[in-house]
Amino acid sequence: MDNRTIAQLLSETADLLEISSGDPFRIRSYRRAAEAVESSTIQLSTIADDPKKLLAIPGIGKGMAANIQEMERAGTLPLREELLVKFRPSMLELLKLPGMGPKSVALFWDALGIASVDELAAAIDQGRLNTLPRFGQKQIDKLKKGIEDYRRNSGRFLIDEAETAAEKVMAYLRAFPGIDRLTPAGSLRRGRETAGDVDILATGPACAEDCVAAAVEYTAAYPPISDLLAKGQNKVSFRLRNGLQVDVRLLPEASYGAALQYFTGSKMHNVSIRQRALKHGYTLSEYALARVDDGSTVAAATEEEIYAALGLDWIPPELRENNGEIEAAAEHRLPTLIELKDIRGDVHMHTDATDGRNTIREMADAALARGYEYIAITDHSKNLAMTNGLDDARALEHIRRIREVDAEMGGRLRVFPGIEVDILGDGALDLSDEVLAQMDVVIASVHSLFNQPMEQMTERVLRALENPHVRILGHPTGRLLLRREAFQVDIAAVMRRAAELGVAMEHNAYPDRLDLCDRDLRLAKELGCRIVINTDSHHTSHMEKMRYGVRQLRRAWLTKNDVLNTRPAEGFLAALRPKP
DNA sequence: GGAGATCTCTCCAAGATATCGACATATCT
């Protein structure tokens, strides 16, 4: 069992304990253990038979070690099974709705027997919630909207989860002799934020028509398969334990490009491309670009030759949404999209001074190893008390330490002092101007305000922008994918004012965040509003998530010049709003 | 349930905000 699965079981047990109003400290220890397992670099299955090694992990004690061993042995956790007899598995789903916590789940269950999102939706329609304490019309409306959002997104997976699954499948396939090229297609290749399923294309001598059967059998024997959905001549579909569907296609090398083009999509892009092919007297299928008249193949082996035969430059997968990319490719004016290697610094990260896991130095070393030229340490301010947020005095001490590490790095990496400061209810910030004045990177963050009406929210954010120390607006929309849409803000109004003031908009690369969607990013560019992309790393390993964010920027047609942290250190600071 | 001080017990993550119902509670980060 992999760490992620163990962590998930532990965390679900914590949720169930909370619904059953169990001991809060016991609940917390399950959550802590889940976090510890998830962020551990050691694969627990390899040390499960050695209690000493398990106990060495902070947050894992005698009881938790026994739990982990039991999970490795039996694949389940007894306490969780016990609780699931009392409650229902679908109740865990209810917790994902905005404004729903364990208390409400317990209340709905006790009073109305509601155990699932569908049952809740039905109860709302029947007006059965009105009788409950704490649930007025406003709350009910919010739930209703939450259910709609949830239904729209459910069944989809975050891109990193889909990609991790795809990589594991590909590693397995690569071990088969005669499979030598593997590419994920579909929304994964297009760099979408979420994926409904995973498409993988494979080719090589083993995929030739007369011998592909053996490779198909091998694919269908992939051990983590929980459900084999289909096994055809050159296609295998299956479902993994987490519910993710994977389609593997094993294709001869000659038609690999056509297949890749077809399975990458998007659907609308393909429709337009095929129309264009017809106008040129060709027909495009997943097997080849061929002449309509005699059916002879024009191009099939690579995408480049197919696009070229249609008079088009090769179109990066991220742009294939039928949003003008075909016209641009025809006129040779596709933008040179930003790339991961263009990013020179990550200016939003946390350390063990607040809720991060690593020291300033560890973060700096990890950033240097990634090839960055600079970072900013931006821990939380005191308003986020749970994270042990910094007050003025601690912030000053932290700045001192950050400058020390900056000196220790000897110019190989610049480490800028910064802060992720909270915007309070009145639009003020929760640290003094004197302290903020000493920071290079002040990120005013929206993320502790939520559920406010749009006008109020917008007004507060606009007021915060007027503080001359604010250089970046953090989490400008606070969108969380697959979970909650927490903030409603007039993003156009905010960007317009930010552009005037020179305040940059933050885009978060972390896969469950979508601070700015394609539309927002394009709008920012249009309005001349600067963009910074960060990972908001709480652990050295989080920095690698940058690649997902860069792909989102590519989807919005952004180039290197559109993003501030592609500039060298001095240029980056100079491009931010001038310090007062 | 974990960690740390004692050898079985003690302590353990906090403050802002919205909502509902008129002070408290649940949820959020």
Side-chain angles (χ1 to χ4, degrees), chain A residues 10-11 13-19 21-37 51 54-68 70 77-80 94-108 129-143 146 350 352 354-356 379-391 420-430 443-454 456-457 460 474-475 478-480 483-488 508 510 512-513 515 536 538:
Chain A
L10 289 172
S11 145
T13 307
D15 287 340
L16 289 165
L17 278 170
E18 212 165 352
I19 293 169
S21 45
D23 171 16
F25 298 110
R26 194 181 181 202
I27 294 165
R28 191 188 307 153
S29 69
Y30 272 88
R31 289 208 195 288
R32 275 200 53 181
E35 279 178 44
V37 170
L54 287 176
L55 289 170
I57 301 171
I60 307 288
K62 231 169 92 189
M64 222 38 95
N67 279 336
I68 291 169
E70 182 59 20
L77 184 59
L79 177 60
R80 176 173 172 277
L94 282 172
L95 288 171
K96 294 181 181 167
L97 298 174
M100 281 289 279
K103 299 286 178 192
S104 303
V105 174
L107 176 69
F108 289 167
L129 253 54
N130 307 350
T131 57
L132 295 177
R134 293 196 324 272
F135 281 89
Q137 198 51 46
K138 222 166 174 173
Q139 197 76 334
I140 291 174
D141 289 344
K142 203 163 28 176
L143 272 180
H350 300 269
D352 57 4
T354 61
D355 62 347
D379 273 300
H380 290 289
S381 56
K382 64 183 179 192
N383 185 45
L384 235 57
M386 189 201 102
T387 65
N388 191 24
L390 307 175
D391 57 19
E420 179 178 14
V421 67
D422 267 30
I423 299 174
L424 298 176
D426 54 2
L429 304 179
D430 68 333
I443 303 176
S445 182
V446 180
H447 71 1
S448 62
L449 306 171
F450 51 92
N451 284 339
Q452 297 174 352
M454 182 151 93
Q456 198 177 335
M457 186 80 201
R460 287 174 181 185
H475 306 304
R479 276 193 204 96
L480 282 171
R483 222 161 63 89
R484 302 150 200 272
E485 194 143 349
F487 317 128
Q488 298 193 326
N508 207 295
Y510 220 74
D512 67 347
R513 291 260 181 202
D515 286 331
D536 194 357
H538 286 68

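Just so we're on the same page: letters track the sequence lines, and every chain starts at 1.
- Under the 3.5 Å distance criterion, with hydrogens and angles disregarded, a donor-acceptor pair is assigned to the side chains of A:Asn383 and A:Asp422.
- Between A:Asn67 and A:Asn383, the one whose closest nucleotide on DNA chain B sits nearer the 5' end is A:Asn67.
- For the P atom pair drawn from B:dC20 and B:dA26, the interatomic distance equals 14 Å after rounding to whole Å.
- In this structure, A:Arg28 places its CZ atom 13 Å from C1' of B:dA3, rounding to the nearest Å.
- For A:Phe25 and B:dC12, the ring-to-base geometry satisfies the stacking test (centroid distance below 5.5 Å, interplanar angle below 30°).
- Counting heavy atoms from C-beta on, the side chains of A:Arg26 and A:Leu17 come closer than 4.5 Å.
- Side-chain atoms of A:Gln137 and A:Leu129, non-hydrogen and from C-beta on, never get closer than 4.5 Å to each other.
- Rounded to whole Å, atom P of B:dT19 lies 5 Å from atom NZ of A:Lys142.
- One can place CZ of A:Arg134 at 9 Å from P of B:dG21, the figure rounded to the nearest angstrom.
- Side-chain N/O atoms of A:Asp355 and A:Thr387 include no donor and acceptor closer than 3.5 Å.
- Using a 4.0 Å heavy-atom criterion, one finds that A:Pro24 contacts no nucleic acid atom at all.
- The closest side-chain heavy-atom distance from A:Ser381 to A:Leu390 is not below 4.5 Å.
- Contact check, A:Thr387 against B:dA13: no side-chain N or O comes under 4.0 Å of OP1 or OP2.
- For the pair A:Met457 CE and B:dT29 C1', the computed distance is 12 Å after rounding to whole Å.
- Residue A:Asp23 is the one, among A:Asp23 and A:Leu384, whose nearest nucleotide of DNA chain B lies closer to the 5' end (criterion: closest heavy atom).
- Between B:dT17 and B:dC23, the distance separating the two C1' atoms is 15 Å to the nearest Å.
- For the pair A:Leu77 CG and B:dG1 C1', the computed distance is 12 Å after rounding to whole Å.
- Within 4.0 Å of A:Lys62, counting heavy atoms only, lie sugar-phosphate atoms of the nucleic acid but no base atom.
- Counting heavy atoms from C-beta outward, A:Leu107 and A:Arg134 have side chains that approach closer than 4.5 Å.
- Following rounding to the nearest Å, A:Ile19 (CD1) and B:dA26 (P) show an atom-to-atom distance of 14 Å.
- Taking the P atom of each, B:dT6 and B:dC11 are spaced 13 Å apart, rounded to whole Å.
- Rounded to a whole angstrom, the distance from the P atom of B:dG21 to that of B:dT25 is 13 Å.
- Two rings, from A:Tyr30 and A:Phe25, have their centers 6.0 Å or more apart.
- Here the side chain of A:Arg460 is nearest to one of B:dA18, B:dG2, B:dT19, namely B:dA18.
- In secondary-structure terms, DNA chain B builds stems of at least 3 consecutive Watson-Crick or G-U pairs, each pair having both distances under 3.5 Å, at B:1-5 with B:8-12, B:14-19 with B:24-29.
- The gap from the C1' atom of B:dA3 to that of B:dA13 amounts to 15 Å, rounded to the nearest Å.
- Distances from the side chain of A:Met386 to the nucleotides B:dC20, B:dT27, B:dT29 place B:dT29 closest.
- The A:Pro102 side chain lies nearest to B:dT27 when the options are B:dG1, B:dT19, B:dT27.
- The CZ-P distance, from A:Arg479 to B:dT29, rounds to 15 Å in whole Å.
- Computed from coordinates, the A:Ile27 CD1 to B:dG2 P distance equals 14 Å when rounded to whole Å.
- Comparing B:dG2, B:dG15, B:dC20 by their closest approach to the side chain of A:Met64 singles out B:dG2.
- Between A:Arg31 and A:Glu18 there is a salt bridge, since at least one side-chain N of the basic residue sits less than 4.0 Å from a carboxylate O of the acidic one.
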